[in-house]
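We number each residue from 1, following the sequence as shown. Here the structure is a predicted model, which is why all the values come from computation and not from measurement.
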Amino acid sequence: MSAIRKVAIIDHTESMDGRVGLLKQFFEHKGFQADVIMSDFSHYKKEKITDRKAGYKYLHTIPYKKNLSLTRIASHVYFAKKVYKFLCKEDYDLVWVLLPPNYLLKEIVKAKRIKHFLLIGDVEDLWPESLPIHLRLIQKSFLFKHWQNLRNENLRYADYVVTECEAYLPYLKEYINLDKYSTLFLAKNAVKKIEFLPNRNNRILKIAYVGSINHIIDINVICKTVEDLLKFEKVEVIIIGDGENRQKLINSLNYLENVKVKYLGKIFDERKKQAILRECNMGLNIMKKSVVVGFTMKSLDYLKNGLFLINNIQNDTWNMVKDNGIGINVGSSDIDYKQIIDESFSLDSKNKIIDLYNNFFSKESFFNNLNEILKKIE
């Protein structure tokens with residue numbers, strides 16, 4: 001790999017900041033210059049990024065207020081074209097791009113034809129496949145196919161393709177070289193075990209929801225599952241996050257009897273969030289069936305804090321819950337609610353989940369997989 005000296009890691013938003021940070025750390029440890037190129041607009045905060053990191057290059061982008069909007073699409077296109085111009089002026093040996101947006105890949109492939117760098121496409125999410133069902137009625141339309149092809153047809157020009165989970169491969173295998181493909185799971189730094197649990201005068205099942213409260217979460221399934229758990233324990237739902245369906249989620253939960261809802265809003269301080277989550281028993285990992293995903297960032301937040309998963313995400317997460325007994329797969333026919341609830345109050349059970357998190361999503365495993373990828377593109 002002596003030919004690689006300068007690496008660009010391109011991410012449109014800060015949504016995969018942990019993954020980007022680990023990629024940068026890995027390449028710098030190998031002795032490469034690693035620059036992160038990203039938008040100057042925060043997708044989560046919906047405001048300009050003012051706290052800028054060393055080694056990051058921020059390209060000005062059109063701001064937007066709604067996740068599903070023409071302005072957001074315009075922002076993606078504008079950013080992609082700026083990346084194209086940026087790459088054409090620079091001399092990178094390797095470009096690692098996180099996807100979506102799909103249009104970004106099209107512009108980077110254009111730059112590759114001119115600059116002849118190695119290209120790795122890192123698929124973090126599938127769009128438009130994960131659109132809500134009522135919007136996917138257009139899936140036979142030219143627009144839907146064109147949106148897909150921006151990703152699929154341009155992945156053919158990547159020197160290597162990775163996905164964050166195995167669930168995406170069936171959608172991509174027709175367009176990529178399987179000898180130049182691997183799964184690179186989400187990863188974060190290892191965390192310490194829980195030393196003790198706080199004493200509670202009254203046993204209350206504390207269920208956390210973390211993240212965007214948007215159009216792809218299934219509020220009906222969330223409420224039905226909470227209702228099932230209420231047959232065994234009093235429930236408190238702690239919500240960390242925000243989104244267009246925030247009030248709908250809160251109102252729907254408040255409609256249930258014997259449920260306390262605590263809305264905490266967005267929390268960006270990781271230590272504060274950890275302190276809250278470590279007092280919880282379970283975490284909600286519920287999305288609409290139409291969403292194509294294997295793992296979610298919220299599931300990592302839950303696992304690293306010892307929470308049992310209340311899950312309906314198929315493929316990777318479903319299998320992990322089933323094989324390791326770390327929660328409830330909603331829709332399974334053999335759920336023992338009483339046993340799982342009792343275990344969620346156990347210190348040993350919570351630390352078993354943290355062990356699983358440290359082993360499965362460790363930085364060491366992430367780096368070992370990256371070394372194998374580099375060998376395959378020599």
Side-chain angles (χ1 to χ4, degrees), residues 12-19 21 38-53 63-69 71-72 75 125 132 186 188 191 198 200 204-223 225-226 229 234-256 258-288 291 293 295-311 313 344:
H12 178 256
T13 72
E14 81 284 30
S15 59
M16 296 302 297
D17 195 44
R19 190 176 184 88
M38 65 180 296
S39 162
D40 69 347
F41 179 72
S42 169
H43 173 68
Y44 286 136
K45 297 182 180 180
K46 300 295 188 288
E47 62 186 35
K48 190 171 183 177
I49 296 172
T50 54
D51 185 15
R52 303 197 170 191
K53 302 177 183 179
Y64 54 88
K65 293 182 179 179
K66 294 184 177 180
N67 290 346
L68 279 176
S69 65
T71 309
R72 186 183 182 189
S75 179
D125 207 347
L186 300 169
K188 291 188 177 182
V191 292
R200 297 182 188 172
I204 299 175
L205 187 67
K206 293 193 174 188
I207 301 174
Y209 178 87
V210 173
S212 296
I213 310 168
N214 54 25
H215 58 279
I216 63 174
I217 69 167
D218 197 321
I219 293 175
N220 291 334
V221 173
I222 288 172
C223 291
T225 307
V226 170
L229 292 166
K234 293 180 181 178
V235 171
E236 179 178 3
V237 180
I238 296 95
I239 301 172
I240 300 173
D242 201 359
E244 58 264 35
N245 281 338
R246 177 191 70 194
Q247 204 54 52
K248 182 179 179 182
L249 174 62
I250 293 171
N251 291 345
S252 298
L253 288 168
N254 279 328
Y255 184 78
L256 301 174
N258 297 318
V259 175
K260 180 181 178 182
V261 180
K262 184 185 290 185
Y263 176 67
L264 302 178
K266 297 178 182 180
I267 297 177
F268 297 102
D269 185 322
E270 286 297 320
R271 285 181 294 182
K272 183 178 179 181
K273 184 163 70 173
Q274 181 184 74
I276 295 166
L277 290 178
R278 293 218 161 181
E279 291 195 4
C280 294
N281 302 80
M282 299 180 178
L284 288 161
N285 195 45
I286 302 291
M287 290 186 176
K288 291 178 179 175
V291 178
V293 66
F295 284 113
T296 62
M297 291 302 293
K298 62 171 60 69
S299 65
L300 268 66
D301 275 328
Y302 301 146
L303 294 173
K304 77 176 184 179
N305 289 296
L307 275 64
F308 281 69
L309 298 184
I310 301 173
N311 172 70
I313 304 297
S344 76

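- Between the CG atom in N245 and the CD1 atom in I217 there is a gap of 6.0 Å [rounded to 0.5 Å].
- A 6.0 Å sphere centred on CZ of F268 holds more than 12 heavy atoms belonging to other residues, nucleotides or ligands.
- Y302 places a side-chain N or O within 3.5 Å of a backbone atom of V210 that can act as its donor or acceptor partner.
- I313 contributes atom CD1, which lies 8.0 Å from atom OG of S299 (distance to the nearest 0.5 angstrom).
- Summarising the geometry, atom CG belonging to L284 is positioned 11.5 Å from atom CG belonging to D218; distances are rounded to the nearest 0.5 Å.
- With sequence neighbours excluded, the residues forming a ring pair (Phe, Tyr, Trp, His ring centres under 6.0 Å) with F41 are Y64, listed by chain and number.
- Ionic pairing of K262 and E236 is present here: one or more N-O contacts between side-chain nitrogen and carboxylate oxygen are shorter than 4.0 angstrom.
- T225 contributes a side-chain N or O that, together with a main-chain N or O of V221, makes up a donor-acceptor pair within less than 3.5 Å.
- Smallest separation of non-hydrogen atoms from M282 and L307: O-CD2, 3.3 Å.
- Taking every heavy atom of both residues into account, I213 and I239 meet most closely at CD1-CG2, 3.7 Å.
- Distance alone, capped at 3.5 Å, is enough to place a donor-acceptor pair between the K288 side chain and the H215 backbone.
- Considering every non-hydrogen atom in both K266 and K45, the closest pair reads NZ-CA, 4.0 Å.
- The environment of NZ in K272 is sparse: at most 12 heavy-atom neighbours from other residues, nucleotides or ligands sit within 6.0 Å.
- Of the options L205, I310, V261, V235, a side chain to side chain contact (heavy atoms under 4.5 Å, CB included) to V226 is made by V235 and by none of the others.
- In this structure, the side chain of N214 engages the main chain of I216 through a donor-acceptor pair within 3.5 Å.
- Here the CG atom belonging to L253 is positioned 11.5 Å from the OH atom belonging to Y209, to the nearest 0.5 angstrom.
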Next item on the list: Before giving the answer on side chain to side chain contact (heavy atoms under 4.5 Å, CB included), spell out for V191 and R278 the whole-Å C-alpha distance, their side-chain angles and the decisive distance to 0.1 Å.
Entry: CA-CA 12 Å; V191 292; R278 293 218 161 181; 3.9 Å; yes

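- Shown here for M38 and I49, the closest heavy-atom pair between the two residues is CE-CD1, 4.1 Å.
- No more than 12 heavy atoms of other residues, nucleotides or ligands lie within 6.0 Å of NZ in K234, so this atom counts as exposed by the packing criterion.
- Of the inter-residue distances, the one linking T296 atom OG1 with M287 atom CE reads 5.5 Å to the nearest 0.5 angstrom.
- A distance of 11.0 Å separates CG in D242 from CG in L249, rounded to the nearest 0.5 Å.
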Next item on the list: Please step through side chain to side chain contact (heavy atoms under 4.5 Å, CB included) for the pair H12 and H43, ending with a clear verdict.
Entry: CA-CA 9 Å; H12 178 256; H43 173 68; over 6 Å; no

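- Proximity of T71 to S75: side-chain heavy atoms (C-beta onward) are nowhere separated by under 4.5 Å.
- Taking all atoms of both residues into account, the shortest heavy-atom contact from N281 to I204 is OD1-O, 3.8 Å.
- The two residues A208 and L277 come nearest to each other via the heavy atoms CB-CD2, 3.6 Å.
- Here the side chains of I238 and C280 are in contact, with some heavy-atom distance below 4.5 Å.
- The environment of R52 atom CZ is dense: over 12 non-hydrogen atoms of other residues, nucleotides or ligands sit within 6.0 angstrom.
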